[in-house]
Amino acid sequence: MTEDDRTEQGRSDFIRDVIEDDLRTGKHGGRVVTRFPPEPNGYLHIGHAKSICLNFGVAEQYGGHCNLRFDDTNPLTEGVEYADSIVYDVNWLGFSFGDRARYASDYFDEMYQLAEELIGDGKAYVDHLSDEEIKAYRGSLTEPGRPSPFRMRTAEENLALFREMRGGALPDGCCVLRAKIDLGSPNMKMRDPLLYRIRHAHHHRTGDAWPIYPMYDWAHPISDAIEGVTHSICTLEFENNRELYDWVIDSTRVSERHGFSRPHQYEFAPLNLDYTIMSKRLLLALVEEGSVNGWDDPRMPTIAGMRRRGFRPEAIRAFADLVGVAKVNSTVDIEKLEFCVRNDLNWTAPRVLGVLRPLKVTVTSWPEGKLEALTAPYFPPDVGKPGERTIFFQREILIERDDFLIDPPAGYQRLAPGRTVRLRYGPCITCDDVVTEEGEVVELRCHHVPESVGKNPAGVKVSGVIHWVGAAESVSAEVRLYDRLFLAARPDDPANELNPDSVEVITNARLEPSLAGAEPGSSWQLERVGYFVFDPVDSRSDAPVLNRIVTLRDSRPGRAEPAVPTSEVKASRTSTRPAKRSRIEYRAEARVRDPLLADRFATWSALYGLPEGDVDLLTGDRPSGDLFEAATAAGAPSAAVARWMINELPHELNDRLLDETPLTGSGLGALVLAAEMGEITGAAAKEVFAEMVQRGGDPAQIIAERGLAQVSDEATIAAIVDHVLAAHQDKVDQYRAGKTGLFGFFVGQVVRSSQGRAKPEVVRQLLGVRLD
RNA sequence: UGGCGGGUAGUUCAAUUGGCAGAACGCCGGACUUUGGAUCCGUAGGUUGGAGGUUCGAGUCCUCCCCCGCCAGCCA
């Protein structure tokens with residue numbers, strides 16, 4: 001992958017499907033407007049980055065625009081510091097919202113006005129129940145709620161009380177404004193949700209102008225509608241709020257007032273990442289408890305933390321593309337992020353030499369004081385970028401302590417006594433002597449192989465290539481090696497599962513001299529060691545500090561970590577929950593209430609020769625049974641009618657009630673008969689059936705109009721077969737080479753070419769002859 | 001014990017709307033040899049949650065079952 005591939009081919013996800021569909025049907029007059037709606041109560045993290053890339057990404061892709069909108073409806077937790085950081089982070093990620101930074105608080109006046117109107121319509125009331133009482137009155141997941149004693153107040157009374165709330169004389173918690181919807185709703189969010197609460201608090205934008213603040217469920221849909229948002233994209237946990245979102249839009253008619261089509265809410269799965277947490281609350285706790293050094297600690301999954309760690313926005317955007325968008329709750333491998341980071345840095349980070357844990361090497365064959373200038377390119381040939389610098393070979397150099405072993409294991413491609421290795425960009429050296437102090441290796445004495453710079457020495461086996469710096473010609477640096485913040489892939493109790501070794505500080509690393517004046521924030525690859533960034537906060541030119549961004553991918557055999565068992569959760573959790581009431585029970589109950597249904601259930605099995613399961617499905621309600629009776633009365637075989645009603649009808653109905661459709665028993669009977677008699681194919685019959693359910697009509701007429709009569713004439717079909725095979729010669733070759741699964745593909749192509757009229761059995765038979 | 005949403009390779013996602021179950025990451029292996037990197041090549045990995053059914057043909061349609069997530073804040 002190159003840098004340019006980022007803006008790649010057509011991604012496919014359900015959100016983009018919806019948008020493309022809406023664009024086709026002109027639902028919003030061709031507009032695409034999205035919004036990214038953070039609450040300014042914390043720093044943005046990688047999960048928000050996914051949402052940002054989605055919202056800004058689709059807006060850009062479909063020629064629309066995306067607003068940055070602050071959901072600032074709770075003054076207690078929000079602040080300017082957070083709002084500022086969010087603006088900065090979104091821009092840093094590479095998305096521009098121009099002058100479209102919006103605040104829910106900008107709309108407080110209109111929201112208030114709409115609330116007064118809602119009260120006037122009798123759709124909201126002021127409730128003086130306490131918070132505990134409201135909770136108790138709301139019922140439970142299985143029991144309906146009870147009305148508050150204040151629910152029946154008149155509109156005038158409510159309006160006066162609401163204005164009193166707004167006036168500011170009432171204390172916090174005194175009362176709230178609630179929507180009057182449905183306390184018996186199976187959706188808890190619809191049980192008279194709160195719209196406004198009293199909060200005498202200073203707001204970072206509106207100051208002390210408001211003693212009351214709107215709740216999310218009131219503020220969000222109205223804000224979307226005011227801004228003309230078309231696709232309001234949020235995370236899965238808001239699925240239950242969608243019904244209320246629609247209720248607010250419809251009840252206030254706010255979209256019409258602003259001359260826009262109404263927005264629709266769509267939910268996607270939030271990002272979860274191995275070994276990290278996304279909860280703002282828990283991240284805040286880490287900051288407050290000092291487990292990390294602030295929101296921009298390089299170990300934090302915040303945008304600020306990743307920026308300081310050295311991740312570039314391109315990498316984060318590539319990651320968002322890589323993980324995609326779906327509705328399944330999932331957890332992404334941290335390796336995917338690391339892959340994107342490496343992939344990005346590979347193209348952008350110059351290669352330089354640096355030694356983390358130096359070991360002194362004296363090249364005894366090299367004269368004291370002699371410096372040899374060596375030219376080293378910044379990028380390898382496959383990256384192909386220009387640039388080079390000079391490094392100096394000298395008598396005393398430093399190599400990585402890990403690159404020498406007295407007693408090397410098999411396959412060790414580094415230095416050992418008697419072995420020869422190449423110094424990157426320099427000559428080869430051979431280890432002659434090991435100097436130890438108290439059992440520890442403190443120095444190596446080597447000689448260099450003459451004429452070995454830039455060419456392989458004859459007759460000498462080179463074990464490998466190692467990095468190095470000159471002992472005198474190098475700069476000292478502090479290096480911070482970061483590891484994952486948590487020990488567990490999915491911490492249950494994050495505060496107690498912190499990785500104690502999430503950062504290791506090395507104070508005496510040595511870098512090649514060209515790095516002396518490196519810019520804070522610039523990123524480099526220390527060859528064979530990893531990618532590093534000069535810390536934008538702590539690094540100074542006289543005291544450089546490097547953060548390890550990510551290690552290089554380690555392809556040494558056997559170095560891979562064992563796969564994390566992620567299926568634990570699935571395996572260990574068994575359901576203690578009894579099966580919920582199924583449709584089978586609903587049908588049984590209907591028969592208890594309706595003797596006619598009970599009678600049909602008891603007799604139809606024998607009467608029509610149907611299996612009991614089929615009879616159950618046909619006798620759960622009257623319209624189904626009526627239709628069945630009428631269709632069989634029209635002369636169609638009962639078993640076939642039952643099959644059509646059971647297998648095809650529910651799908652075609654798609655939520656509608658049977659008696660709301662123009663489908664008639666005689667029509668169904670005639671269709672089934674036509675299909676049974678072989679007048680039309682099954683595929684054509686389905687097409688006719690769909691038409692009859694949607695718009696009604698006589699099957700014979702529809703068949704005639706659309707020319708759907710079955711074709712079983714071999715000559716006609718053979719012509720189509722030949723045409724299809726000729727058009728897909730490559731597939732024919734594959735088929736003959738053994739990919740027999742393609743047979744279905746050919747059948748499909750032929751049937752499609754005939755508009756569903758060709759008899760499949762004949763198609764199969766002819767194809768079989770042609771292909772073998 | 002309600003409602004809503006979901007279940008395709010180890011992971012994250014595709015599958016032209018009923019017609020070839022694929023890609024990327026990861027893994028394993030190979031090639032290369034001035035990064036144990038990059039790059040290139042290859043292998044393995046699937047009862048599409050399960051069982052029935054409809055169909056010439058089902059990941060996709062029907063029925064039943066199983067599993068996972070979310071919802072009872074005056075948070076968003």
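Each chain gets a letter, A, B and so on, in the order the sequences are listed, and its residues count up from 1. Owing to the predicted nature of the structure, the values given are computational and were not obtained by experimental measurement.
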Checklist entry - Between B:U39, B:U63, B:C13, which nucleotide has the shortest distance from any of its atoms to the side chain of A:Asp382? => result B:U39
Item to check | Nucleotide nearest A:Phe339 (side chain, heavy atoms from C-beta), chosen from B:A14, B:G26, B:C62 | outcome: B:G26
Next on the checklist: Looking at A:Glu400 and A:Leu356, would you say the former's side chain and the latter's main chain have a donor-acceptor pair under 3.5 Å?
Outcome noted: yes
Item to check | Nearest-nucleotide 5' precedence on RNA chain B, A:Val323 against A:Ile466 | outcome: A:Val323
Next on the checklist: It should be established whether A:Arg197 places a side-chain nitrogen or oxygen under 4.0 Å from OP1 or OP2 of nucleotide B:A76.
Outcome noted: yes
Checklist entry - If you measure from the C1' atom in B:U39 to the same atom in B:U34, how many Å do you get, rounded? => result 15 Å
Checklist entry - In the strands shown, is B:U63 matched to any nucleotide by a Watson-Crick or G-U wobble pair with both distances under 3.5 Å, and which? => result B:A51
Item to check | Atom C1', compared across B:U12 and B:G29: separation rounded to whole Å | outcome: 24 Å
Checklist entry - Side chains of A:Asn74 and A:Tyr216: donor-acceptor distance under 3.5 Å anywhere? => result no
Item to check | A:Asp71 side-chain proximity, nearest of B:C27, B:A76, B:C74 | outcome: B:A76
Checklist entry - Across the strands shown, which category fits A:Ile646 at heavy-atom distances under 4.0 angstrom: base, sugar-phosphate, nothing? => result sugar-phosphate
Item to check | A:Asn187 and A:Glu243: side chain donor to acceptor below 3.5 Å | outcome: yes
Checklist outcome for this item: Re B:C32: Watson-Crick or G-U wobble partner, both distances kept under 3.5 Å, found to be none
Next on the checklist: Please pick, from B:G5, B:G73, B:A14, the nucleotide with the shortest atom-to-atom distance to any side-chain atom of A:Lys327.
Outcome noted: B:G5
Checklist outcome for this item: A:His651 has its side chain closest, among B:C75, B:G36, B:C62, to B:C62
Checklist entry - So is A:Arg199 actually on top of A:Tyr213's ring, under 6.0 Å and inside 45° of the axis? => result no
Item to check | B:A44 and B:G36, which share atom name P, separated by this distance in whole Å | outcome: 30 Å
Item to check | Pairwise distance CG(A:Asp71) to CZ(A:Phe36) - rounded to 0.5 angstrom | outcome: 10.5 Å
Next on the checklist: Between P on B:U12 and CG on A:Asp321, what's the gap in Å once rounded to a whole number?
Outcome noted: 18 Å
Item to check | B:U63 phosphate, OP1 or OP2, under 4.0 Å from A:Arg587 side-chain N/O | outcome: no
Checklist entry - Among residues 234-244 of chain A, which residues get a heavy atom nearer than 4.0 Å to RNA chain B? => result A:Glu237, A:Phe238, A:Glu239, A:Asn240, A:Asn241
Checklist entry - Does A:Phe14 offer a backbone N or O that forms a donor-acceptor pair with the side chain of A:Lys327 under 3.5 Å? => result no
Checklist entry - Does B:U33 sit syn or anti, given that only angles within 90° of 0 count as syn? => result anti
Next on the checklist: If I pick the C1' atom on B:G6 and the same atom on B:G49, what distance separates them, to the nearest angstrom?
Outcome noted: 12 Å
Checklist entry - Reckon A:Ser330 touches a base, only the sugar-phosphate, or nothing at all at heavy-atom distances under 4.0 Å? => result sugar-phosphate
Checklist outcome for this item: pair_partner(B:C70), Watson-Crick or wobble, both distances < 3.5 Å, evaluates to B:G3
Item to check | Closest to the A:Met188 side chain, choosing from B:A72, B:C13, B:A15 | outcome: B:A72
Checklist outcome for this item: Side-chain contact check for A:Arg764: nearest option of B:C56, B:U12, B:C25 is B:C56
Next on the checklist: If we count only N and O atoms by modelled type, under 3.5 Å, do the side chains of A:Gln525 and A:Tyr531 hold a donor and an acceptor together?
Outcome noted: yes
Checklist entry - Which label fits B:G57, syn or anti, where anti is any glycosidic angle not within 90° of 0? => result anti
Checklist entry - Taking OP1 and OP2 of B:A76, is either one under 4.0 Å from a side-chain nitrogen or oxygen of A:Thr73? => result yes
Checklist entry - What integer distance in Å separates A:Arg752:CZ from B:U16:P? => result 10 Å
Checklist entry - Is it true that the side chains of A:Tyr425 and A:Glu512 contain a donor and an acceptor less than 3.5 Å apart? => result no
Checklist entry - Does B:A15 have OP1 or OP2 sitting under 4.0 Å from an N or O in the side chain of A:Ser12? => result yes
Checklist entry - If you measure from the C1' atom in B:G46 to the same atom in B:C13, how many Å do you get, rounded? => result 15 Å
Next on the checklist: Base contacts versus sugar-phosphate-only contacts with protein, heavy atoms under 4.0 Å: please encode nucleotides 41-55 of chain B as B, S and - from 5' to 3'.
Outcome noted: ------------BSS
Checklist entry - Is a donor-acceptor pair below 3.5 Å formed from side chain A:Glu143 to base B:U1, judging by atom type as modelled? => result no
Next on the checklist: Check whether A:Phe745 forms a cation-pi arrangement with A:Lys731 (NZ or CZ under 6.0 Å from the six-membered ring centre, at most 45° off the ring normal).
Outcome noted: yes
Next on the checklist: I'd like to know if the side chain of A:Arg35 pairs up with that of A:His220 as donor and acceptor (distance under 3.5 Å, no hydrogens or angles considered).
Outcome noted: yes
Next on the checklist: With a cut-off of less than 4.0 Å, is there a side-chain N or O of A:Lys336 near OP1 or OP2 of B:A24?
Outcome noted: no
Next on the checklist: More than 12 heavy atoms of other residues, nucleotides or ligands under 6.0 Å from CD of A:Glu451: yes or no?
Outcome noted: no
Item to check | Euclidean distance for C1', B:A24 against B:A31 (whole angstrom) | outcome: 22 Å
Next on the checklist: Please pick, from B:A15, B:C75, B:C74, the nucleotide with the shortest atom-to-atom distance to any side-chain atom of A:Asn74.
Outcome noted: B:C75
Next on the checklist: What's A:Tyr531 touching, base or sugar-phosphate or nothing? Going by heavy atoms closer than 4.0 Å.
Outcome noted: nothing
Checklist outcome for this item: Walking RNA chain B from its 5' end, the first of A:Leu526 and A:Phe14 to be reached, judged by nearest nucleotide, is A:Phe14
Checklist outcome for this item: Using Watson-Crick geometry (N1-N3 plus N6-O4 or O6-N4) or G-U wobble (N1-O2, O6-N3), each under 3.5 Å, B:G22 is paired with B:C13
Next on the checklist: So, OP1 or OP2 of B:U34: does either fall under 4.0 Å of a side-chain N or O from A:Asn456?
Outcome noted: yes
Item to check | Point-to-point distance, once rounded to the nearest 0.5 Å, from CG of A:Leu771 to CZ of A:Arg764 | outcome: 11.5 Å
Next on the checklist: Say we look at B:U48 and B:C61: how far apart would their P atoms be, to the nearest angstrom?
Outcome noted: 16 Å
Checklist entry - Is the shortest side-chain N/O distance from A:Arg138 to OP1 or OP2 of B:C74 below 4.0 Å? => result yes
Next on the checklist: Between B:C56 and B:A14, how many Å separate the two P atoms, rounded to a whole number?
Outcome noted: 32 Å
Item to check | Whether A:Arg342 side chain and A:Cys340 backbone form a donor-acceptor pair below 3.5 Å | outcome: no
Identify all pairs in which a protein N or O lies below 3.5 Å from an N or O of nucleotides 20-22 of chain B, and state each distance.
unit_1, atom_1, unit_2, atom_2, d
B:C20, O2, A:Lys739, NZ, 2.8
B:C20, N3, A:Lys731, NZ, 2.5
B:C20, N4, A:Lys731, NZ, 2.1

Checklist entry - Is there a donor-acceptor pair under 3.5 Å between the side chain of A:Lys280 and the backbone N or O of A:Glu39? => result yes
Checklist entry - Between CG of A:Leu170 and CD1 of A:Ile212, what distance do you get to the nearest 0.5 Å? => result 10.5 Å
